[in-house]
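If you're wondering where the values come from, they're calculated on a predicted model, not measured in any experiment. In what follows, every chain begins at residue 1, and chains take the letters A, B, ... in the order their sequences are listed.
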Amino acid sequence: IVKMAAGMDVRDILELEGPEQQFITKDALMNDRKKKVAKKTDVSFKRPEGMHRELWGLLWTDNKDAPPIIPTDTNQGYKQMKAKIGSSKVRPWKWMPFTNPARKDGAVFYHWRRVADEGKDYPFARFNKAVDIPVYSDLEYQQHLHDDNWTRQETDFLFDQCKRFDLRFIIVHDRWDRDKFPNRSVEDIKERYYSICNTLTKVRAPQGSEPKIRAFDAEHERKRKLQLTKLFDRTPEQVEEEEHLIAELKKIELRKKEREKKTQDLQKLITAADSNFDARRSEKKQTKKKIHTPHQKINPTVSTPEPSGIKFADFKTSGVSLRSQRMKLPASIGQKKLKAIEQVLEELGIEYSPIPTEDTVTHFNELRQDIVLLYELKIALATCDYELESLKHRFETLAPGKPLPVETCIKSEPESSVLSAETTGSMVNPSLSPDSPSKQKMLAEAIDVLNANPPGTPNRKRKAALELPNMLKKIKQKM
Amino acid sequence: MTIVKPVIYGNISRYFGKKRDEDGHTHQWTVYVKPYKNEDLSTYVKKINFKLHESYPNPNRVLVKPPYEVTETGWGEFEVVIKIYFNDPNERPVTIYHLLKLFQSETDIMLGKKSLVAEYYDEIVFQDPTAMMQQLLNSTRPVAIGAYKHETDFEEKKEKTLEKILSAKTKIRYEIQELNERLKQKKESIQTLKDHLEKLEDADVTDVENVT
């Protein structure tokens, strides 16, 4: 209805023709509507009082269907409710005087307070906490607390300061009277204070009881602070250098571990190759029946994945299968091994998938296993060479000029090696020349030896580090 | 107990000499499965299903008696899935994948004067078949009258391949031995060096300690 009215205005303004007819027809329509609608509005739901029009619009449509919501008691909800403050009476307040027990001068102040609370203690006085500083008698001082470096006056002054500043040693140190007394460091002050406290606790404790002693290691504290200052004062270059060295060390350790692992594999490999060869050598000597037993001996070693080559799928179960299936390589073989096999087969002029008869399949599988074994041996050999190189270098630094106790002809290759081309190219990383990594390793080891900590310090550090939090806890408990 | 039945599978194809206008086909080809020896496969084979490329109508071509082959025309190479079902319901079917070969760089084949043959040898291995199946497998009858030959000389191929593989094995084993020996030597060298170095380092450390 609103839209139609706007339409009429626009036409009026624009002085468009033909509105009269429209006028009439629209009017008629409007009237019709009103009549029809008039009857039906009684049936519609009323918007609850206080509910916003838009919200009601969401919930209610003109379809006259039941509203989609389950009818709830909405009468109260959408009114602007008044805040419910307690129905009790207002409590009166009074302007009254009070004293703070925490104060020493008994000054009287005034404040507003509820009449009901009149006469009660000032509630904030309980926050006035003080540190327990022991007080010693003259006798105690003469008997136990005498010290050649500290005069009686100085000691009294120290305790007075501690009391005043609640054991805040930094402040005590700052306010130290350097005219009267010698210049003391924070550690000196703490040392004197704690040693006195400990002596007093021991002396005052009743017979047979175990008094708690605060351990304070002044020497350690001095060193610790000195080290921290040094650490803090390092130049950025020094920091960077240190980080760099640490990273290098990590890398070297990692490589070392890898090489150790490889030598382990090497060992397995050698035993596998040995057993392999021995078994097959005996195979030729023995009769056909006995061939099965050495083969079975090989199988347990073959089943260990890495060093002993490939394991082919087993076809002992009954059923029908294609011979060519038994020639398939297992999916678990890595890319490098696959490549090695491919290259050797190419060199030998053998098809990648030859004609599958029983004999061919058996021998072809064995051939491929042997190829993998050969490949692994090659890798192991290269690792050995690398290790030999680095050992050689170390030897040369530690005993320069001395002859090597072993023969190390590293780069000689067998003449008819099938694998020579691809393995030497791919395995020896071009960036790792035999010189640089072993030299770096050598230097790092040299540095290590020189900087080795004397056995005492690390333990002391750990002990003190554990005790500091304990001390802090005790202080907190006392407060 | 094992029974082995060698089979030959593959295709022959021939170039028309030109591209056919109505459908663009260029070759006629026949994909087949034949027994290696002269026998009637249907004794123990129930059916063979040749699954062609989906662009062919009814791509699943089923043959229940010899000759087990499908002849068609086309223009491209694709993989044919050959599934062989056996008369014994206990036995699962075997699947062979064959890449249909139409093209080769030999001139006569390219010109369409000669057919191209791409056939392969394989063996169906029956491990512990049932008594019934054993009966069927062992009681086959010849299927072709007269001489039975294949396009390829497989006997020769078998011999040559085995020969090559065996000589390769010997060669590789020899190299393994060699490498093994060298490896052992190197290990010993490494150990000796390490021992020497240890002694040197101990001496070094004691020197340092004495100085400090």
Nearest heavy atoms of [X] and [Y], plus distance in Å:
X: A/I355; Y: B/F154; value: CD1-CD2, 3.8 Å
X: A/R394; Y: B/L197; value: C-CD2, 3.9 Å
X: A/P354; Y: B/T161; value: CB-CG2, 3.4 Å
X: B/L193; Y: A/K392; value: CD1-N, 4.1 Å
X: A/I350; Y: B/A168; value: CD1-CB, 3.7 Å

Using a 6.0 Å cut-off, check whether atom [atom1] of [X] has over 12 heavy atoms from anything other than its own residue.
X: A/E342; atom1: CD; answer: yes
X: B/E163; atom1: CD; answer: no
X: B/E79; atom1: CD; answer: yes
X: B/K101; atom1: NZ; answer: yes
X: A/K336; atom1: NZ; answer: no
X: A/Y352; atom1: OH; answer: yes

In Å and rounded to the nearest 0.5 Å, what is the [atom1] to [atom2] distance from [X] to [Y]?
X: A/L373; Y: B/E175; atom1: CG; atom2: CD; value: 12.0 Å
X: A/T360; Y: B/K160; atom1: OG1; atom2: NZ; value: 14.5 Å
X: B/I96; Y: A/S324; atom1: CD1; atom2: OG; value: 7.0 Å
X: A/T383; Y: B/L183; atom1: OG1; atom2: CG; value: 8.5 Å
X: A/L391; Y: B/H196; atom1: CG; atom2: NE2; value: 12.0 Å
X: A/L381; Y: B/Q185; atom1: CG; atom2: CD; value: 10.0 Å

- Verdict with supporting geometry, A/L388 and B/S189, side-chain contact (heavy atoms from CB on, under 4.5 Å): CA-CA 8 Å; A/L388 268 176; B/S189 305; 4.0 Å; yes
Could you check which of [options] has the highest count of heavy-atom pairs closer than 4.5 Å to chain A?
options: B/L162, B/N90, B/D195; answer: B/L162
options: B/R92, B/K5, B/E91; answer: B/E91
options: B/D122, B/I165, B/V94; answer: B/D122

- Measure distances from B/T95 to the heavy atoms of chain A and classify the residue's part below 4.5 Å as side chain, backbone, both or neither. backbone
- What part of B/L166 is in contact with chain A, defined as an atom under 4.5 angstrom from a non-hydrogen atom: side chain, backbone, both or neither? side chain
- Query: Quick one: do A/D370 and B/K169 make a salt bridge, cutoff under 4.0 Å?
  - Reply: no
- Ion pair present between B/K158 and A/E358, side-chain N to carboxylate O less than 4.0 angstrom? no
Can I get a per-line list of side-chain donor-acceptor pairs under 3.5 Å for residues 137-146 of chain B, giving both atom names and the distance, sequence neighbours left out?
| unit_1 | atom_1 | unit_2 | atom_2 | d |
| --- | --- | --- | --- | --- |
| B/N138 | ND2 | B/Q134 | O | 3.2 |
| B/S139 | OG | B/Q135 | O | 2.8 |
| B/S139 | OG | B/L136 | O | 3.4 |
| B/T140 | OG1 | B/E39 | OE1 | 2.9 |

- Message: Please determine whether salt bridge (charged side-chain N to carboxylate O under 4.0 Å, His left out) holds for the pair B/R173 and A/E366, giving the CA-CA distance in whole Å, both sets of side-chain angles, and the decisive distance to 0.1 Å.
- Response: CA-CA 11 Å; B/R173 288 225 178 124; A/E366 281 177 15; 3.7 Å; yes
- Quick one: do A/I371 and B/I172 satisfy side-chain contact (heavy atoms from CB on, under 4.5 Å)? Show the steps, please. CA-CA 7 Å; A/I371 292 174; B/I172 297 277; 4.1 Å; yes
- Query: Hey, mind stepping through B/V4 and A/R323 against side-chain contact (heavy atoms from CB on, under 4.5 Å) and telling me if it holds?
  - Reply: CA-CA 9 Å; B/V4 178; A/R323 183 74 71 188; 3.5 Å; yes
- Message: For a side-chain contact (heavy atoms from CB on, under 4.5 Å) check, start with the C-alpha distance between B/K194 and A/E387, then their side-chain angles and the critical distance, and finish with the verdict.
- Response: CA-CA 10 Å; B/K194 276 188 177 169; A/E387 200 170 343; 3.2 Å; yes
For the residue pair [X] and [Y], establish whether any side-chain heavy-atom pair is separated by less than 4.5 Å.
X: B/V125; Y: A/R326; result: yes
X: B/E123; Y: A/T357; result: yes
X: A/V320; Y: B/M133; result: no

